[in-house]
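Step one of this worksheet: look at the structure below.
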Amino acid sequence: AVVSTQSTGFLCRRMLSANAAVNKRVLQKLRSETGLPFIKIKEALQETENNPDKALKWLEEKAAEQNWAKAQKLSQRDTSQGLVGILQQNDVISMVSLQCETESVAKNENFITLLYHSAVALQQSQQNGVIEPKNVLDLTMNDQKLSEMFTSTIGRLGENIQAKGCFFYRLDSPNLSTASYLHRKITSDISGMSLGTIGSLAIFENLKDDSIGAAIAQHIVGSEDIGNLLEQPLLQDESVTVGQLCEENNFRIIDYYKMSGQ
């Protein structure tokens, strides 16, 4: 029989790698930093000759491969729960809807963080108006791909997560203002981020009374058909239409959008 010296060398290297002594101090440090099982960290250190930086990179690459495989497996599962997030930072505002499979995951910190990152990425893209959900994964936040963030979160939570709606607007004039409304609001520790199950966002020009803007934003959430908004009687006062309210108070609705997390 012919034995390949190349394959024999490979097997020897694998055996040496598997039996290599692991630096316990580095093992404990990586365990503390990553929270991963000891056996997985031990494998990483054996593969990288106890180099903590290389071991961490090895672990990240393995996790990315596993998360991608899990995301592909879960991608066809129904998503009927989720949240809408509205984020305003100075003169830019974004609204994003993400959906998942269960209510418990929708309230999970990792899911909410992904919603926040999506809203920030939307603002950094500088694309006014509606962005198709299928294009959201192409965006980046601080040079990190949003697609990688989705894959990582899906792998961590074990549920399908999909972007369902995305809206961004920059207030490039002092005459512009916004109003928003969220149904079934939930609390969040993220500064400037508001969350709910259904949300609306309206952009106004020359609006002087914030209470009017708030009433219109609430009307948008409550209306079954927002296609002919100006002709609709205001839900809070059906004696006046939204259009009449604009005329009487000398302001315009520049743009508006409604989305649901469910």
Side-chain angles (χ1 to χ4, degrees), residues 63-64 66-88 92-125 127-141 144-169 180-190 192-202 217-218 220-227 255-262:
Q66 294 171 359
N67 289 337
W68 185 87
K70 183 176 287 188
Q72 293 300 306
K73 183 178 179 180
L74 299 175
S75 63
Q76 300 304 314
R77 283 165 46 168
D78 291 337
T79 54
S80 59
Q81 298 294 320
L83 290 174
V84 174
I86 298 176
L87 178 67
Q88 181 155 10
V92 293
I93 187 167
S94 55
M95 180 166 64
V96 178
S97 168
L98 295 188
Q99 290 189 326
C100 55
E101 299 175 40
T102 63
E103 184 178 354
S104 60
V105 164
K107 295 180 179 179
N108 182 278
E109 179 183 349
N110 293 291
F111 181 85
I112 292 173
T113 298
L114 179 63
L115 184 58
Y116 169 73
H117 287 163
S118 300
V120 173
L122 200 60
Q123 293 183 358
Q124 292 180 354
S125 74
Q127 301 180 45
N128 261 11
V130 177
I131 294 181
E132 291 295 325
K134 65 181 180 180
N135 296 329
V136 171
L137 296 182
D138 295 330
L139 302 179
T140 60
M141 190 197 81
Q144 184 177 0
K145 293 180 180 179
L146 209 55
S147 58
E148 295 176 353
M149 298 182 189
F150 268 77
T151 300
S152 175
T153 305
I154 290 170
R156 187 177 295 113
L157 297 178
E159 285 196 8
N160 187 17
I161 299 174
Q162 299 288 334
K164 293 298 182 180
C166 306
F167 180 81
F168 166 78
Y169 206 92
S180 61
Y181 181 81
L182 287 161
H183 178 62
R184 291 178 58 191
K185 292 184 68 173
I186 70 169
T187 58
S188 168
D189 294 332
I190 299 177
M193 186 79 165
S194 301
L195 302 167
T197 56
I198 305 174
S200 69
L201 177 61
Q218 185 176 1
I220 293 170
V221 166
S223 176
E224 294 183 1
D225 178 16
I226 60 172
D255 208 347
Y256 62 93
Y257 201 61
K258 171 185 176 180
M259 61 180 65
S260 173
Q262 299 180 345

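Note that the structure is predicted; figures quoted are calculated from it, not measured. For this chain, numbers begin at 1 and follow the sequence in order.
- Among pairs with a residue in residues 93-110, those fulfilling salt bridge (Lys or Arg N to Asp or Glu O under 4.0 Å) read R77-E101, E103-K107, at least two apart in sequence or across chains.
- Minimum heavy-atom separation, G196 to L182: N-CD2, 3.8 Å.
- Taking the side chain as every heavy atom from C-beta outward, Y181 and I220 never approach each other to under 4.5 Å.
- From Q127, atom CD reaches atom CG of N135 across 8.0 Å, with rounding to the nearest 0.5 Å.
- If you take OG1 on T153 and CG on N110, they are separated by 6.5 Å, rounding to the nearest 0.5 Å.
- If you take OG1 on T151 and CG on L114, they are separated by 10.0 Å, rounding to the nearest 0.5 Å.
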_Between M259 and K164, is the side chain to side chain contact (heavy atoms under 4.5 Å, CB included) condition met? List the steps._
CA-CA 8 Å; M259 61 180 65; K164 293 298 182 180; over 6 Å; no
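- Residues passing the side chain to side chain contact (heavy atoms under 4.5 Å, CB included) test with I198, sequence neighbours excluded: H183, V221, K258, S260.
- Note that the OG atom of S188 and the CG atom of L195 stand 5.0 Å from one another [nearest 0.5 Å].
- No donor-acceptor distance shorter than 3.5 angstrom exists from the side chain of S152 to the backbone of E148, with no hydrogens or angles considered.
- Put simply, OG on S97 and CD on Q262 are 9.5 Å apart, with the number rounded to the nearest 0.5 Å.
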*Decide side chain to side chain contact (heavy atoms under 4.5 Å, CB included) for L201 and Y256; before the verdict, give the C-alpha distance in whole Å, the side-chain angles of both, and the deciding distance to 0.1 Å.*
CA-CA 6 Å; L201 177 61; Y256 62 93; over 6 Å; no
_Run the side chain to side chain contact (heavy atoms under 4.5 Å, CB included) test on C100 and L157 for me, step by step, so that the C-alpha distance in whole Å, both residues' side-chain angles and the decisive distance to 0.1 Å come before the verdict._
CA-CA 10 Å; C100 55; L157 297 178; over 6 Å; no
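- Taking all atoms of both residues into account, the shortest heavy-atom contact from G192 to L87 is O-CD1, 3.4 Å.
- Side-chain atoms of Y257 do not come within 3.5 Å of backbone N or O of M95 as any donor-acceptor pair.
- Atom CE of residue M149 and atom OH of residue Y116 lie 10.5 Å apart, to the nearest 0.5 angstrom.
- Using modelled atom types and a 3.5 Å distance limit, the side chains of S94 and Q123 yield a donor-acceptor pair.
- Taking every heavy atom of both residues into account, Q162 and F150 meet most closely at C-CE2, 4.4 Å.
- Proximity of a side-chain donor or acceptor of E159 to a complementary backbone N or O of T102 within less than 3.5 Å is detected.
- Nearest heavy atom pair, residue L115 against residue V96, reads CD1-O, 3.5 Å.
- Taking each heavy atom of G165 and P133 in turn, the nearest pair found is N-CG, 4.0 Å.
- Looking at S200, its side chain does come within 3.5 Å of a backbone N or O of A217 through a donor-acceptor pair.
- Just one of L98, D189, I190 meets the side-chain contact (heavy atoms from CB on, under 4.5 Å) condition when paired with I112; it is I190.
- Under the side chain to side chain contact (heavy atoms under 4.5 Å, CB included) criterion, T140 pairs with K145, sequence neighbours left out.
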